[in-house]
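Note sheet for the following structure.
We're numbering straight along the sequence, starting at 1. The analysis underlying the following values was restricted to heavy atoms, covering all of them including side chains, and did not include hydrogens, waters or symmetry mates.
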Amino acid sequence: MSDIDLNDNPPPELRPYHVLVTGFGPFSRYSVNPSWLAVKPLHDTVLKVDIPLEPVLPVDQPLADSGASLSARREVRITAIQVPVTYEAVLSIVPGLHARPPVLPPSSDPFLPTLSPPPEGYDLFFHVGVIGRGSLRMERVGHKFGYNMKDAAGSLAPIVRISRDEGNQPPDAKRMEVLRLRDARDYNVESLVEGNEMPKRGFGRGYESFAEEIYTDVDVEKLVHHLKTCGFDQIYTSMDAGHYLCDFLYYCSLAENKRSMKNDKSIPASQVIFLHCPPVDLPLSTEEVTEAIRKSIMWLCRTLTH
């Protein structure tokens, strides 16, 4: 049998991988949010990622004998947007991001070009927000309730009406939660009302069918391990996204992603992930955070199955 040249059949061209990266707008002492500083340089950029392919061989030629390793190059097209630090903005913007075609808010930066969203939607939603000084934190879960801190506009999250038997958190536990949150710098926390009770705030109408916690489908442990091998030692996984706007946006995006998948099972599943970054140079520079985001996107693209 004559030798087979696998190069005679070039690998198929892969469709582009569309990524939407979000950062937050100003709030508290941040006239420019560190998350937006890290996200902004990625807007309207295209990464090239090599994707390994398994060669299609004749049945009588073992793979080990082929001596060839095939790969195809995929374009990763990135769009970045800024989301205001308000509950109202999250509820008005995030559902549209998951629509088909997506609906993007007007650009908050006149120097950034407005890009047309892909009609079939985004493959990855990569959300970034700021947290206190320290390591990067890759969040695993978003929470439905527990949003008792006022946003950048001084507003609270919507009140969720619940039945009596659902409101089973002891008053002492609620009081301790308020005291814990008041210790957090930059946050204006709602006061206790009569009977040591706080109204339940978070996602209500339209989100009744969703669980109180939604986990990302991303293998966060493997992603963090990959980033550590890339030299990002100061990063770990987290189960607490903070019960503020970061957590609120994350839960909303995870829920809307599930909703869009349920409404149209013919479209490939998208991925949603949230990264918390520290303030600038405490200890990571903006450039280091941007590079961590870029490395994460490239790794996630390589794990794509469609």
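- A donor-acceptor contact shorter than 3.5 Å is absent between the side chain of Asp151 and the backbone of Ala157.
- No salt bridge links Asp123 with Arg74; every basic N to acidic carboxylate O contact stays at or beyond 4.0 Å.
- Side-chain N or O atoms of Ser28 include none that pairs as donor or acceptor with a backbone N or O of Tyr30 at under 3.5 Å.
- In this structure, Glu75 pairs ionically with Lys48, as a charged nitrogen and a carboxylate oxygen lie closer than 4.0 Å.
- By the ring-ring contact (aromatic ring centres under 6.0 Å, His included) test, Tyr251 pairs with Phe203, sequence neighbours left out.
- A donor-acceptor pair under 3.5 Å is absent between the side-chain atoms of Ser285 and the main chain of Asp281, judged by distance alone.
- Checking side-chain atoms of Ser92 against main-chain N and O of Ala89 turns up a donor-acceptor pair under 3.5 Å.
- Side-chain polar atoms of His276 and Ser238 form no donor-acceptor pair below 3.5 angstrom.
- In this structure, the side chain of Glu288 does not engage the main chain of Thr286 through any donor-acceptor pair within 3.5 Å.
- Remark: side-chain polar atoms of Arg137 are paired, donor with acceptor, to backbone N or O of Asp240 under 3.5 angstrom.
- Taking the ring-ring contact (aromatic ring centres under 6.0 Å, His included) definition, one finds that His143 meets it with His243, sequence neighbours left out.
- Here the side chains of Phe232 and Leu284 are not in contact, with every heavy-atom distance at 4.5 Å or above.
- Residues forming a side-chain hydrogen bond (donor to acceptor under 3.5 Å, both in side chains) with His43 (at least two apart in sequence, or on another chain): none.
- The closest donor-acceptor contact from the side chain of Lys295 to the backbone of Thr290 lies at 3.5 Å or more, if one exists at all.
- A cation-pi geometry, defined here as NZ or CZ lying under 6.0 Å from the six-membered ring centre and within 45° of its normal, does not hold between Arg201 and Tyr87.
- Distance alone, capped at 3.5 Å, is enough to place a donor-acceptor pair between the Ser296 side chain and the Ala292 backbone.
- Side-chain atoms of Thr216 come within 3.5 Å of backbone atoms of Val272 as a donor-acceptor pair (strictly under, hydrogens ignored).
- Note on Lys228 versus Asp233: no salt bridge recorded, every NZ/NE/NH1/NH2 to OD/OE distance being 4.0 Å or above.
- Salt bridge absent: Lys258 and Glu256 never bring a charged side-chain N and a carboxylate O closer than 4.0 Å.
- At a cut-off of 3.5 Å, with distance as the only test, no side-chain donor of Ser260 or His98 sits close to an acceptor on the other residue.
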